[in-house]
Amino acid sequence: MASIYLDHNATTPVRAEVFDAMEPFFRDRFGNASSIHRYGQDARSAVEEARVRVAGLVNGRPGEIYFTSGGTESDNLALKGIAYARRAYGSHIITTNIEHSAVLNSCGFLEREGFEVTYLPVDDYGRVDPGQVADALTDQTTLISIMHANNEIGTVQPVDEIGRIARDNGVCFHTDAVQSAGKLPVDVEAMHADLLSLSGHKIYGPKGVGAIYIRKGVEIEPTAHGGHHENDVRSGTENTVGIVGLGKAAELAAEEQERECRNLSWMRDNLEARIRDEIEDVRVNGHPEWRLPGTLNASFPGAEGESLIMSLDLAGIAVSTGSACTSGAIEPSHVLLALGRDPRTALGSVRFSFGRDNTMRDVDYVMSRLPGIVSRLREVSAASAAQVPV
Ligand SMILES: Cc1ncc(COP(=O)(O)O)c(C=O)c1O
């Protein structure tokens, strides 16, 4: 049976080069990077080499990179770390209503702690208006947190402009670049970013490791207290194996980003054009130009998203939907609702996300199955709607 993975925004496989770089650190090179002896020194030099590589991916300096357990922890650290460190100056945070739950739920926590959060709306394509960011600033604002690219629809935000507004107003700017790193240029200088989140498993590195960029001079309150690791920003014995993997993945991502972007766009655009051609009543979610190269989110109203995912899975195609199952009921994605989609359209949405191992043959195979699956599910849902007693 076919086995086509089109869910790279959820996670990516570990590249062979990354695995090879990590392997010795599972075995002989097992030292604790804080130990003084040669085992420790060996681990320390591997961690510092990885720091240089991660810094290179975002155009930061190695001393501004701190390793974490992934994107979720980096987002939590950015939001809570700045909110508490700057509490004496103000208690207002600006974000958008389409952020990843790591940001939205950190904001919810901070609201319960007495902070005030403004959730900015986005337009039909999922873009936030920098003018609205400027208008939302108050003399209490200490932090703006707006993602570089959205994980569900791929829309890329005008982060350079937003960062400039933050800089001009003496406010910290954090951006979640978990989805954009390796696919688009990520440059903390161009973005005027003070903090930036990254994750290993989205760039063909291992799961459970990530990094946060914190601009030199920006004070942050740690969320984990302990043995003063990572310059006291993130205590806990360094995950040397994971960090080495993240470093290698970052190095490869930086080298290959341009080519990767072209290839992903080419496959995604082809799939999008064929879906529009061959399937009726389709709506593509996300910005036509300002979008991650490999992401295609499409709504097929009348065909329920979960059933689409399951039918595609049975045909050997792995994709995902943004809907979440909460207390047994399937909820439409908060991102699609924020774009103004009605719940029925939002529930009939599928995200295809391409990666470096996909080929145009995968697009052909998807198109040999998808139109039939969509029309069958539409018929089923029309038939069951007709049976509902009035
Ligand atoms: C935009 C974004 N931020 C944060 C995260 C969380 O990253 P991690 O899985 O490394 O905790 C994800 C993961 O899907 C993401 O897409």
Side-chain angles (χ1 to χ4, degrees), residues 5-14 18 54 57-58 65-81 95-109 122 126-128 145-157 159 162 174-184 186 191 193 195-213 223-224 234 236 239 241-243 245-247 249-250 253 285-287 290-297 318-324 333-336 338 351-355:
Y5 185 77
L6 284 172
D7 201 12
H8 292 82
N9 287 14
T11 197
T12 57
V14 171
V18 170
V54 173
L57 179 63
V58 300
I65 300 296
Y66 302 85
F67 293 112
T68 65
S69 63
T72 300
E73 187 187 336
S74 297
D75 285 346
N76 271 262
L77 187 54
L79 272 288
K80 296 173 191 170
T95 188
T96 75
N97 56 10
I98 62 161
E99 299 297 309
H100 188 269
S101 52
V103 167
L104 290 179
N105 291 340
S106 294
C107 286
F109 168 81
V122 291
R127 291 259 284 182
V128 66
S145 177
I146 295 183
M147 68 201 322
H148 188 196
N150 184 269
N151 43 305
E152 287 187 36
I153 55 172
T155 295
V156 177
Q157 300 297 346
V159 281
I162 295 167
H174 165 246
T175 190
D176 176 334
V178 165
Q179 290 291 345
S180 54
K183 297 172 198 153
L184 295 174
V186 172
M191 293 173 173
L195 305 109
L196 179 144
S197 304
L198 283 180
S199 175
H201 73 106
K202 311 288 185 179
I203 58 168
Y204 305 92
K207 295 172 182 56
V209 66
I212 182 168
Y213 161 84
T223 49
R234 200 274 188 177
N239 167 12
V241 179
I243 290 170
L246 172 62
N285 304 304
H287 198 279
W290 291 100
R291 189 159 33 133
L292 283 176
T295 303
L296 171 62
N297 187 311
V319 294
S320 70
T321 170
S323 56
S333 135
H334 72 285
V335 176
L336 297 179
R351 178 187 70 188
F352 304 87
S353 49
F354 287 87

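Each ligand, and each atom within it, is numbered from 1 in the order the structure gives.
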List the residues meeting side chain to side chain contact (heavy atoms under 4.5 Å, CB included) with [X], not counting sequence neighbours, and say none if there are none.
X	result
Ala177	His148, Ser180, Val186, Leu196
Ser101	Asn105
His334	Leu104, Glu152

Contact set, ligand 1, heavy-atom distance under 4.0 Å, ordered by chain/number, equals Gly70, Gly71, Thr72, Asp75, His100, Met147, Asn151, Asp176, Val178, Gln179, Ser199, His201, Lys202

Test side chain to side chain contact (heavy atoms under 4.5 Å, CB included) applied to Ile153 and Leu336, step by step
CA-CA 8 Å; Ile153 55 172; Leu336 297 179; 3.8 Å; yes

Under a plain distance cut-off of 3.5 Å, with no hydrogens placed, do Lys80 and Ser106 share a side-chain donor-acceptor pair?
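No, because no side-chain N or O of Ser106 sits under 3.5 Å from a partner of the opposite role on Lys80.
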
Hydrogens and angles aside, do His287 and Thr155 bring a side-chain donor and acceptor to less than 3.5 Å of each other?
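There is no such pair between these side chains.
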
